[in-house]
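Data first, discussion second: the structure below is written as structure tokens.
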Amino acid sequence: MKYNQYAYQKTSLDQAKKELASINFLPQNWQTLPFGELFAALVENSVAEAKTPAAKIAKLAEFAVDPQTSLKDFLQTDPTRLTSEQFYDVALQLLGYHPFYDYDLAAPIKFMNKQALPTVQSIDNSDQLVQAFYQLLNTRAKNGQTLIDNLAGKGYFTQFWGKHEFMFFNGKSLPVFDTSKVIREVVYVASDLDTDEDGQSDLMQVTIFRPAETNSGLKVPALYTACPYFGGIIDNAKENHSVDENLTDATAWTNPPYVAKPQVPAPKPGTENAEPTEEAVHKATYPLNEYLLARGFASVFAGAIGTRGSDGLRITGSPEETQAAKEVIEWLHGDRIAYTDRTRQHETKAFWCNRNIGMTGRSYLGTLQIAVATTGVAGLKTVVSEAAISSWYDYYREHGLVIAPGECQGEDMDKLAETCQSNLWDAGDRIKIYPKYAAEQKLLQTWQDRQTGQYSDFWEARNYRHHTDGIKCSWISVHGLNDWNVKPKNVYKIWQKVKNLPIKHHLFLHQGPHYNMNNLVSIDFTDLMNLWFCHELLEVDNQVDELMPPVLIQDNLHADKWHTEADWSDDLGQKVVYYPNDDGSLAKDGNGKAKLSFEDVGGSDFKAAKISDLDWEYKFIAGDEKWAKPSLRFESEEFIHPVTLVGRPEIHVRVSGSLPKGQLSVALVEKADRKRLTPTPKFLMRGGQELAYRFGTDTLQEFVPDKETKAKLITKAHMNLQNYQDMKRPSKIEANEFYDLTFKLQPTYYTMPVGSKLVLIIYSTDQGMTKRPLEHETYTIDLANTELTFSQK
């Protein structure tokens, strides 16, 4: 497995010496020390768990420089140089690798190359030794972290606790803040909203974790995570909407409005700065924030309106939700009032904040980053938005259909609001809020329109992509190419807008589902984010924009291979057209003339089988006879060289249904009996990454080759037949009449390996995402007027 390293900044010898000296790693008299003594001193400083000089010297006997010689014995020869093999035998042991188990002492360079770890040539003088050690400290160890971070986890930087200033190494902030004294406090930010309509501005509970040094005058940036789950959730999974129902005539659609909630402007900030009187009892929920807290970045969490400790209602995706999340930044920037408690008697200020704010978080947390960024709020300098929704219609709907997020059949806007309305947990708040909450639930249930699945003003108000011209901050998006919860269209569509704005922008695409990527073996994402936030929030000149490519995409065949791209769009490849043919083939030369039919039986067989959505999907795409029956399938010839599908495939299909309504689904599948990567990363070293000294851990993980499977879903899409004329407006259709549908599939970046086949599947009911009708319907496809278009490279 390669340990790719994108965050390493090449550094001159003079700068390396300064940085090593600044952290007391390079002895003050290093220039006068004999070569062997300098080597010994540097190794001793790398053994941070040994706390006395004698203990460090004793540790030297545990290392070896070759298959026959211990480091202790080697040093007794008064060496004046090191071969690269000798140096990297010791280096690999410092990096946590075990000779005889992980690598061969006789061939350390071979192993270094295999792991993609950087090396130098023979070391002939002290300057070269210093440069080699500087690089080694910035090299990723077996647990995925750099050696200097491993030293931090063993307490190396406790010597700098209380210094009250940031320290940097290779452009990144070091953990020199005393994590045993982190200040944990709660304040209450006053919103201009009155979503519970009690005549007062809603108060929002905000939880803060900040270095103790901020009480002595140090000002630090804030990493703000807008987290509707932070106060807890109300688990209503068993009460989701039923999807076992017939489709309706979508022309019964109406256009539910967006109705704004009342505003009661909060008082303007005054001069008082009282100390918060409530200690935080919740814990931080995001390892990246914890990692950076030890490095001087305050961590701020807020659920905002409707969550535990706060006033108001959850109104999923609404402009009010955006406003509430934005107002927390306004307080951090000094532009809004907050109180020490819910009595509203004493004002408190974010005096500790340097007025530079970044946002972090995944899923709903990433979604709110997009929402807030479009407001252009002062103080927000950057967002790192992971697995985020850019349009709520694209989360719960698609092309005129009700479509579930992956493994969440029956969930919708009202259910998510209920899940996050955690202020119902406290009896006093529940008594006050429940009538308004129940009324809001009825509105959401009506306006979300599960009957027709059509676009409306309700959804328009929840489409952040229409407001990207307001974005002023720098931008990082992270998304899984196999995320069927927040489907890739969400990141793809907003990327097409963000990339044209006059802001710095980057995109990471990994092979996971709805997942983080900060602790993967194959990429040093946490280091990159350290570098990024230092640049954006502390104005450190570390050339992060040059180090980090515009787009990095993880390969679907080899997890440790990342593709560097200038963009992610159809333009990365060349347009090709495939046609389904009468003989079941899928080819570039179409001769299909037949009209082929299949009968969709809705969810009847699925319910009788009592299998999971995921079990059904695999059997379906693999061509299991029972599950493949209600579909048409067309296979390409085997690929004789690798081909990568890029961007958004498009399908044009002429179809008729036996009823005056219908839903059509299409999927692209890679078919071949072969071992594929695990669908989720495998834990390789549970708890093996220290976030700081005795301050929590994270787990190294990566996608690895799994058992042999028959097929892999590449992408899919769904469409309501009644939207054949307009994706936003339904039309009447007649039974057994043909209609032309043209729609795009979810975007992808997928390499077809040699020997694989591309399969186009045309079907109707997707058991894991669409409604599952109770009635049967026969669909007929006119092959002469059906084609698949995509870009390939």
Side-chain angles (χ1 to χ4, degrees), residues 246-250 399-401 577-587 590-609 616-617 619-636 649-669 671 711 716-725 730-743 745 757-789:
N246 292 329
L247 300 176
T248 60
D249 178 4
H399 302 147
L401 291 175
V577 181
Y578 276 76
Y579 302 92
N581 292 314
D582 299 355
D583 60 359
S585 66
L586 184 67
N591 59 10
K593 298 178 181 178
K595 293 180 173 63
L596 302 181
S597 300
F598 65 91
E599 183 183 16
D600 178 72
V601 297
S604 57
D605 289 350
F606 175 76
K607 290 183 69 177
W616 166 80
E617 182 180 88
K619 291 176 183 292
F620 178 72
I621 65 171
D624 180 277
E625 184 176 355
K626 175 181 179 178
W627 300 108
K629 187 176 180 181
S631 67
L632 299 177
R633 292 162 184 259
F634 305 91
E635 293 185 5
S636 73
E650 183 176 87
I651 186 81
H652 177 86
V653 57
R654 179 168 291 179
V655 58
S656 72
S658 59
L659 300 174
K661 56 188 176 182
Q663 59 186 7
L664 197 70
S665 302
V666 295
L668 290 183
V669 171
K671 179 180 176 182
K716 60 182 174 179
H718 317 82
M719 184 173 175
N720 190 332
L721 270 61
Q722 289 193 266
N723 288 87
Y724 75 97
Q725 286 186 316
S731 303
K732 286 281 187 181
I733 62 172
E734 302 294 332
N736 300 312
E737 290 288 328
F738 280 94
Y739 297 92
D740 288 296
L741 309 185
T742 301
F743 57 102
L745 284 68
K757 294 181 179 181
L758 181 65
V759 182
L760 168 65
I761 306 176
I762 301 176
Y763 60 115
S764 179
T765 299
D766 186 315
Q767 309 295 342
M769 289 191 178
T770 67
K771 287 187 177 181
R772 302 188 286 241
L774 306 175
E775 56 193 355
H776 295 190
E777 181 167 7
T778 298
Y779 293 89
T780 302
I781 307 299
D782 178 3
L783 297 187
N785 291 279
T786 298
E787 62 184 40
L788 170 71
T789 305

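Worth knowing before you read on, the calculation uses all heavy atoms, side chains too, and leaves out hydrogens, waters and symmetry mates.
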| From Phe606 CZ over to Lys619 NZ, what is the distance, rounded to the nearest 0.5 angstrom? | 12.0 Å
| said: Just so I know, are the side chains of His399 and His718 near enough to count as touching, which here means a heavy-atom distance under 4.5 Å? | reply: no
| message | Tell me if a side-chain donor or acceptor on Asn720 pairs with a main-chain N or O of Leu401 at a distance below 3.5 Å. | response | no
| request: Indicate the atoms forming the closest heavy-atom contact of Leu586 with Leu758, along with that distance. | output: CD2-O, 3.9 Å
| request: Working to the nearest 0.5 Å, report the span between CZ of Arg654 and CG of Asn785. | output: 3.5 Å
| For Ile761 and Arg633, which heavy atoms make the closest approach, and how far apart are they? | CD1-NH1, 3.4 Å
| said: Quick check on side chain to side chain donor-acceptor pair (under 3.5 Å): which of Thr770, Asp605, Asp600 does Thr765 satisfy it with? | reply: Asp600
| field | Separation of Leu664 CG from Ile651 CD1 (nearest 0.5 Å) | value | 8.5 Å
| What's the shortest heavy-atom distance between Val669 and Ala711, and which atoms? | CG1-CB, 3.7 Å
| message | Donor-acceptor pair, distance only, cut-off 3.5 Å: does the side chain of Ser764 make one with the backbone of Gln663? | response | yes
| said: Just so I know, are the side chains of Tyr579 and Leu783 near enough to count as touching, which here means a heavy-atom distance under 4.5 Å? | reply: no
| Do Leu760 and Tyr578 have side chains that get closer than 4.5 Å, going by heavy atoms? | no
| Check: Asn246 side chain, Leu774 main-chain N or O, donor-acceptor pair, under 3.5 Å | yes
| Pairs in or reaching into residues 758-768: which pass salt bridge (charged side-chain N to carboxylate O under 4.0 Å, His left out), with residues at least two apart or in two chains? | Lys716-Asp766
| Nearest heavy atoms of Gly657 and Tyr779, plus distance in Å | CA-CD2, 4.3 Å
| field | is_close_aromatic(Phe620, Tyr763), centroid dist under 6.0 Å | value | yes
| task | Look at atom NZ of Lys626 and say whether more than 12 heavy atoms of other residues, nucleotides or ligands are closer to it than 6.0 Å. | result | yes
| said: I'd like to know if the side chain of Glu777 and the backbone of Leu659 have a donor-acceptor N/O pair within less than 3.5 Å. | reply: yes
| request: Output yes when a side-chain donor or acceptor of Glu650 lies under 3.5 Å from a complementary backbone atom of Phe743, and no otherwise. | output: no
| said: So which atom in Glu599 and which in Pro630 form the shortest heavy-atom distance, rounded to 0.1 Å? | reply: O-CB, 3.3 Å
| task | Locate the shortest heavy-atom distance separating Ser731 from Gln725; write the atom from each residue and the value. | result | OG-OE1, 2.9 Å
| Is there a side-chain contact between Leu668 and Leu788 (heavy atoms, below 4.5 Å)? | yes
| remark: In this structure, CG of Leu632 is separated from CG of Leu596 (nearest 0.5 Å) by 5.5 Å
| Does the side chain of Thr742 come within less than 4.5 Å of Asp740's, by heavy atoms? | no
| Sub-3.5 Å donor-acceptor pair from the side chain of Asn581 to the main-chain atoms of Asp583, do we have one? | no
| said: Classify the ring geometry of Tyr739 against Tyr724: parallel below 30°, tilted from 30° to 60°, perpendicular beyond 60°. | reply: tilted
| request: Answer yes or no: is there a side-chain heavy-atom contact under 4.5 Å between Met769 and Ser665? | output: no
| message | Quick one, Glu775 and Lys661 - any side-chain contact, counting heavy atoms below 4.5 Å? | response | yes
| query | Does the side chain of Ser658 reach to within under 4.5 Å of the side chain of Asn736, using non-hydrogen atoms? | reply | yes
